[in-house]
Amino acid sequence: VTLSGNWDTMLPSEAQLLAAKSPMLRTLHHARRIEQSLLCYDRSSWLQDDSKTTGRSEIRPLGKAGPLIVCLDTSGSMMGDRELLSKAL
């Protein structure tokens, strides 16, 4: 995640500010965009691999896959069986 003013890579949380009914939140979004301080995905390490169509209705990239980024909730409400299940998936 990086700071930018780019619309196509901004995080959904930034888009939510723009879609808010509150004029103050929309103004905040526009101010962040002008200042180039929107939270955006950093695409510098993304690979543009060709894809191939398999026999089924799915598309898989050619070559090796990149890293998998997982966000796991380990707060108190997830202790015990819930945490074990989420780690297993």
Side-chain angles (χ1 to χ4, degrees):
V1 176
T2 185
L3 297 178
S4 173
N6 199 350
W7 283 69
D8 17 328
T9 59
M10 73 178 170
L11 269 59
S13 60
E14 296 291 350
Q16 185 178 4
L17 291 175
L18 186 59
K21 292 182 180 178
S22 168
M24 184 174 69
L25 293 177
R26 284 193 303 256
T27 304
L28 175 63
H29 172 84
H30 292 303
R32 285 183 179 175
R33 183 164 183 257
I34 290 168
E35 296 170 350
Q36 302 283 312
S37 63
L38 290 174
L39 292 174
C40 298
Y41 293 111
D42 181 12
R43 290 182 142 179
S44 62
S45 62
W46 288 18
L47 300 175
Q48 295 295 328
D49 286 341
D50 295 329
S51 61
K52 65 178 180 179
T53 305
T54 62
R56 298 187 221 156
S57 60
E58 61 181 289
I59 296 176
R60 295 185 181 184
L62 295 172
K64 296 183 178 178
L68 180 64
I69 300 171
V70 177
C71 296
L72 184 62
D73 182 4
T74 58
S75 65
S77 65
M78 291 294 289
M79 283 185 169
D81 292 338
R82 290 181 178 173
E83 186 176 358
L84 290 174
L85 180 62
S86 65
K87 287 180 179 179
L89 297 177

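Numbers for residues simply follow the sequence, beginning at 1.
Hydrophobic clustering (ILVMFWY, side-chain heavy atoms < 4.5 Å, transitive): Met78 and Leu72 are in distinct clusters.
Grouping Ile, Leu, Val, Met, Phe, Trp and Tyr residues whose side-chain heavy atoms lie under 4.5 Å apart, directly or via other members, places Leu25 in a hydrophobic cluster with Leu17, Leu28.
With no hydrogens or angles considered, no side-chain donor-acceptor pair links Ser4 and Thr2 at under 3.5 Å.
For Gln36, the CD atom counts as densely surrounded, since its 6.0 Å shell holds more than 12 non-hydrogen atoms of other residues, nucleotides or ligands. Around atom CZ of Arg82, no more than 12 heavy atoms belonging to other residues, nucleotides or ligands sit under 6.0 Å away.
Annotation: side-chain contact (heavy atoms from CB on, under 4.5 Å) contacts of Leu18 (sequence neighbours excluded): Trp7, His29, His30. Checked against side-chain hydrogen bond (donor to acceptor under 3.5 Å, both in side chains), Asp8 has no partners two or more places apart in sequence or in another chain. Not a single side-chain contact (heavy atoms from CB on, under 4.5 Å) links Ile34 to another residue, sequence neighbours left out. Judged as a side-chain contact (heavy atoms from CB on, under 4.5 Å), and not counting sequence neighbours, the contacts of Glu83 are Thr74, Lys87.
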For Leu39 and Leu3: C-alpha separation, side-chain torsions, deciding distance, then whether side-chain contact (heavy atoms from CB on, under 4.5 Å) applies. CA-CA 5 Å; Leu39 292 174; Leu3 297 178; 3.7 Å; yes
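Applying the salt bridge (charged side-chain N to carboxylate O under 4.0 Å, His left out) test to pairs two or more places apart or on separate chains, those with a residue in residues 13-24 are Glu14-Arg32.
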